[in-house]
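Notes for the one structure printed next.
All figures in this text were calculated on a predicted structure; none of them were measured in a lab. Any value given below was found using the heavy atoms of this structure, including those in side chains, with hydrogens, waters and symmetry copies removed.
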Amino acid sequence: MNNLDLIVIVIYLIGLIAMGSIFSRLKNAKEMFAAGGKSPWWLSGLSSFMTTFSAGTFVIWGGISYRYGMVGVSILVVIGIAALFVGWFLAGKWKSFGYDSAAEFINDRFGKSLVRFYTFLQGIVGLFTMGGAVYALAVVVTALIPMPEGHIMADPATGNFSVTIASFIICILVIAITFGGGLWAVLMTDALQFIILTVSVLIVVPLILLKIGGPMELVTSSPAGFMNPVNGEFTWLFLAGWSIVFFFKLGGEWAYVQRFVCVPNERDAKKSTYLFGLLYIVSPLIWMIPPMAFRLIDDTANYEEAYILACQAVLPAGMLGLMVAAMCSATASMATTQLNVFAGAFTSEFYVRIFKPNATDKEIVQMGRLITLLLGGLIIAGAILIPFLGTYTGYILSSVAILTGPLIMPTIWGLYSKKIGLKSAWVVSLVSLAVGIIVKIGFQPGFWFTSVELLNPITEIFQNNERVADIILGTVFPFIMLLSIEIFSTQKDEGWQKVLNRKEKISREKEVKPSSFPAVLCGWATIAVAFIMIIISLIGSQKSWLIAGFSLLLFLLGVGILRLVKDENIMKNRI
């Protein structure tokens with residue numbers, strides 16, 4: 001990476017913070033944590049897409065695609081299928097109850113104790129995990145930044161830019177975006193990152209295919225089984241289970257619920273989720289071609305660095321910097337989402353409900369920002385500590401599979417069931433969490449269950465099918481518990497009536513209209529990036545025609561967005 005790349009990275013990241021500052025004059029908690037219910041459906045959908053895609057794309061799924069091929073695409077496609085079912089069954093349901101967050105719903109449906117337990121556990125685990133995403137990306141990015149020997153910011157072990165310093169810088173970026181503009185800033189930066197990353201990848205794909213000799217060379221020269229939809233430990237059974245895990249994750253995890261409730265109505269909540277799902281079904285092949293093709297260039301590379309190394313192999317100066325900047329900010333988008341969600345939950349559930357029930361809107365916003373800073377420390381802690389817990393890929397695959405069901409399934413069940421109550425939700429969460437963690441650890445080599453000779457057949461099955469076993473522990477077990485409660489319980493829980501009363505009250509309120517400002521800002525931001533790319537094409541000597549062509553497409557896209565907004569506003573005024 002040269003000086004032009006570094007300049008582009010700095011300009012891009014400063015621009016993101018500036019975009020976030022535009023929304024700094026937030027009036028109340030609803031605007032800070034739910035965008036005032038005025039987010040356009042397309043903005044919510046793109047943000048959901050980037051929230052899921054960002055951290056995993058380059059490190060986890062890119063690494064799996066490099067090692068196993070098309071199975072990386074298969075895993076992403078089943079997430080898209082899960083999102084479509086979430087849009088059909090859950091997105092509109094969440095919006096219909098009229099709550100501004102999942103925490104508010106859980107408080108009425110089950111009670112204060114459970115929502116505080118979920119807030120603490122999901123907040124701590126979720127934000128800590130985001131630190132791992134930051135660390136993983138820092139490792140990838142710093143591999144491209146060699147430093148002079150003895151430089152104060154160099155890692156003595158590698159001679160490159162310090163991973164710790166890079167992690168800290170990305171964490172500060174996350175906190176700065178969320179602190180200033182709340183959910184609006186998160187939504188807008190997600191949309192811009194989607195545009196930039198899509199354009200960058202569309203440049204990388206033809207260049208990497210040309211470098212290896214064309215698409216057919218990828219098909220014919222890849223290792224055996226590389227083009228199969230399943231491979232290695234990622235079997236058809238895993239894909240089926242993974243889609244079920246993500247149905248519950250996307251349908252009940254607080255970050256995604258936030259996207260359902262920040263739009264004006266149920267129809268928009270469904271449309272945003274359908275957009276999210278379709279993008280996941282259509283785009284994975286394009287996104288995963290670079291690491292798959294890079295396998296033919298270098299089959300000995302660190303698989304978690306394969307994506308960025310593929311980009312480095314073909315992108316000209318300046319464009320590599322833009323790609324790295326977008327990757328950093330895209331990973332940051334996942335963290336900003338989690339940070340905004342749990343800052344809102346801690347603010348409402350602890351500051352407002354316990355310490356200051358009569359707090360003004362200004363005081364709530366100020367406290368929300370202070371809590372944002374404090375929770376940002378958890379992300380920094382995760383960036384430092386997760387490297388000692390094993391590979392980031394393995395950590396994510398296991399934690400998502402085991403924790404999703406116990407922490408989310410009772411909430412989703414409560415959207416439909418009249419019977420499940422506080423005690424049932426507590427039992428399901430605690431028992432399934434305990435069983436999952438104990439069994440997961442117990443069957444690892446050298447731990448307690450492996451020394452019991454009677455359990456040897458089960459140990460062998462577990463260790464040979466670890467991914468599927470994680471899904472069974474985290475999803476099937478809590479589902480059976482919930483189903484048993486539903487069948488044998490005869491009383492209606494009082495929390496069900498509370499949420500029905502809220503739903504009836506909200507149905508009588510006037511529906512807000514989506515804001516057109518995000519589209520205007522997105523249009524101008526796209527035009528600004530187009531001009532950056534034009535400058536890159538004029539300064540750089542490599543592939544300047546290709547960069548200029550894509551900058552023209554970006555410029556036309558930005559102008560098109562602004563024109564659509566203008567026409568829509570004219571139609572509204574006529575009506």
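Here the side chains of I244 and F479 are not in contact, with every heavy-atom distance at 4.5 Å or above. The closest side-chain heavy-atom distance from L250 to Y280 is not below 4.5 Å. You'll find the side chain of I471 stays beyond 4.5 Å of the side chain of V476, heavy atoms only. Between L285 and L76 the shortest side-chain heavy-atom distance does not fall below 4.5 Å. Side-chain contact between F97 and D108 is absent, with no heavy-atom pair separated by less than 4.5 Å. In this structure, L46 and I195 have side chains that are not in contact, with every pair of non-hydrogen atoms separated by 4.5 Å or more. Side chains of V115 and F110 form no contact here, defined as non-hydrogen atoms less than 4.5 Å apart. The shortest side-chain heavy-atom distance between V435 and S432 does not fall under the 4.5 Å cut-off.
Smallest separation of non-hydrogen atoms from T273 and A83: CG2-O, 3.3 Å. L121 and L407 make their closest contact through CD2-CD2, 3.6 Å (heavy atoms, listed as atom of the first residue, atom of the second, distance). For the residue pair P290 and Y307, the shortest heavy atom distance occurs at CG-OH, 4.1 Å. The nearest pair of heavy atoms linking P284 to V77 is CG-CG2, 4.1 Å. Between S48 and R259, the shortest heavy-atom distance links the atoms OG-CG, 3.2 Å. Listed here is the closest heavy atom pair of S222 and M227: OG-CE, 3.8 Å.
Summarising the geometry, atom CG belonging to L239 is positioned 7.0 Å from atom OG1 belonging to T235; distances are rounded to the nearest 0.5 Å. The OG atom of S417 sits 13.0 Å away from the CD1 atom of I412 when rounded to the nearest 0.5 Å. Between the CG atom of L84 and the CD1 atom of I79 there is a distance of 12.5 Å, given to the nearest 0.5 Å. F443 contributes atom CZ, which lies 11.5 Å from atom CD1 of I438 (distance to the nearest 0.5 angstrom). Here the CG-CD1 distance, from L278 to I81, works out to 11.0 Å after rounding to the nearest 0.5 Å. In this structure, the separation between CD1 on I212 and CD1 on I289 is 9.0 Å, given to the nearest 0.5 Å.
Paired with D470 under the rule side-chain contact (heavy atoms from CB on, under 4.5 Å), one option of V439, L403, I402 passes, and it is I402.
Taking a 6.0 Å sphere around CZ of F85, one finds it holds 12 or fewer heavy atoms contributed by other residues, nucleotides or ligands. Environment of CG in L454: sparse, with no more than 12 heavy atoms of neighbouring residues, nucleotides or ligands closer than 6.0 Å. In E494, the CD atom is not crowded: 12 or fewer heavy atoms of neighbouring residues, nucleotides or ligands sit closer than 6.0 Å. Residue-environment remark: NZ (K419) exceeds the threshold of 12 foreign heavy atoms within 6.0 Å.
Below 30°, between 30° and 60°, or above 60°: for W242 and F246 the angle between ring planes is between 30° and 60°, a tilted geometry. Using the six-membered ring where Trp is involved, F49 and F194 have ring planes that are perpendicular, over 60° apart on the 30 and 60° scheme. Aromatic ring orientation, Y256 versus F276: parallel (interplanar angle below 30°, classes split at 30° and 60°).
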Could you go through residues 291-302 and list every donor-acceptor pair under 3.5 Å that involves a side-chain atom there, pairing it with any protein atom two or more places apart or in another chain?
| residue | atom | partner | partner atom | Å |
| --- | --- | --- | --- | --- |
| R295 | NH1 | Y66 | O | 2.9 |
| R295 | NH1 | R67 | O | 3.0 |
| D298 | OD1 | T300 | N | 2.9 |
| D298 | OD1 | T300 | OG1 | 2.7 |
| N302 | OD1 | E304 | N | 3.0 |

List the steps, then state whether side chain to side chain contact (heavy atoms under 4.5 Å, CB included) holds for T198 with W287. CA-CA 8 Å; T198 301; W287 285 82; 3.9 Å; yes
For Y274 and W88, run ring pair (Phe, Tyr, Trp, His ring centres under 6.0 Å): C-alpha distance rounded to whole Å, both residues' side-chain angles, the deciding distance at 0.1 Å, then the answer. CA-CA 8 Å; Y274 290 149; W88 189 5; 8.6 Å; no
Between K498 and R502, does the side chain to side chain contact (heavy atoms under 4.5 Å, CB included) criterion hold? Intermediate values first, please. CA-CA 6 Å; K498 284 185 180 180; R502 174 65 176 255; over 6 Å; no
Worked check of side chain to side chain donor-acceptor pair (under 3.5 Å) between S113 and W426: CA-CA 9 Å; S113 61; W426 267 113; 3.1 Å; yes
Go through the steps to decide whether F248 and T475 satisfy the test side chain to side chain contact (heavy atoms under 4.5 Å, CB included), and finish with yes or no. CA-CA 9 Å; F248 291 110; T475 304; 4.1 Å; yes
Apply side chain to side chain contact (heavy atoms under 4.5 Å, CB included) to the pair L415 and F105, showing each step before the final yes or no. CA-CA 9 Å; L415 288 171; F105 170 82; 3.6 Å; yes
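Using modelled atom types and a 3.5 Å distance limit, the side chains of W413 and E486 yield a donor-acceptor pair. Looking at Y118 and T411, their side chains never bring a donor and an acceptor atom within 3.5 Å of each other. Defined by atom type and a distance below 3.5 Å, a donor-acceptor pair is missing between the side-chain atoms of N107 and Y99.
In terms of modelled atom types and a separation under 3.5 Å, the side chain of N228 and the main chain of V230 share no donor-acceptor contact. Using a distance-only test at 3.5 Å, with no hydrogens or angles considered, a donor-acceptor pair links the side chain of S243 to the main chain of A240. Counting only distance, with no hydrogens or angles, the side chain of E104 and the backbone of D100 share a donor-acceptor pair below 3.5 Å. Side chain of S424 to main chain of I420: no donor-acceptor pair is present (N/O by atom type, distance under 3.5 Å, no hydrogens or angles). For N465 (side chain) and V468 (main-chain N/O), no donor-acceptor pair under 3.5 Å exists by modelled atom type. Side-chain atoms of W94 come within 3.5 Å of backbone atoms of G251 as a donor-acceptor pair (strictly under, hydrogens ignored). Checked by atom type and distance alone, the side chain of N231 pairs as donor or acceptor with a backbone atom of Y68 at under 3.5 Å. Side chain of S272 to main chain of S44: no donor-acceptor pair is present (N/O by atom type, distance under 3.5 Å, no hydrogens or angles).
No salt bridge links K93 with E266; every basic N to acidic carboxylate O contact stays at or beyond 4.0 Å. Using a 4.0 Å cut-off between a side-chain N of Lys or Arg and a carboxylate O of Asp or Glu, R467 and E233 qualify as a salt bridge.
Every residue meeting the salt bridge (Lys or Arg N to Asp or Glu O under 4.0 Å) condition with D493, not counting sequence neighbours, appears here in chain and number order: R109.
K95 forms no cation-pi arrangement with F260, by the criterion of a distance under 6.0 Å to the ring centre and an angle within 45° of the ring axis.
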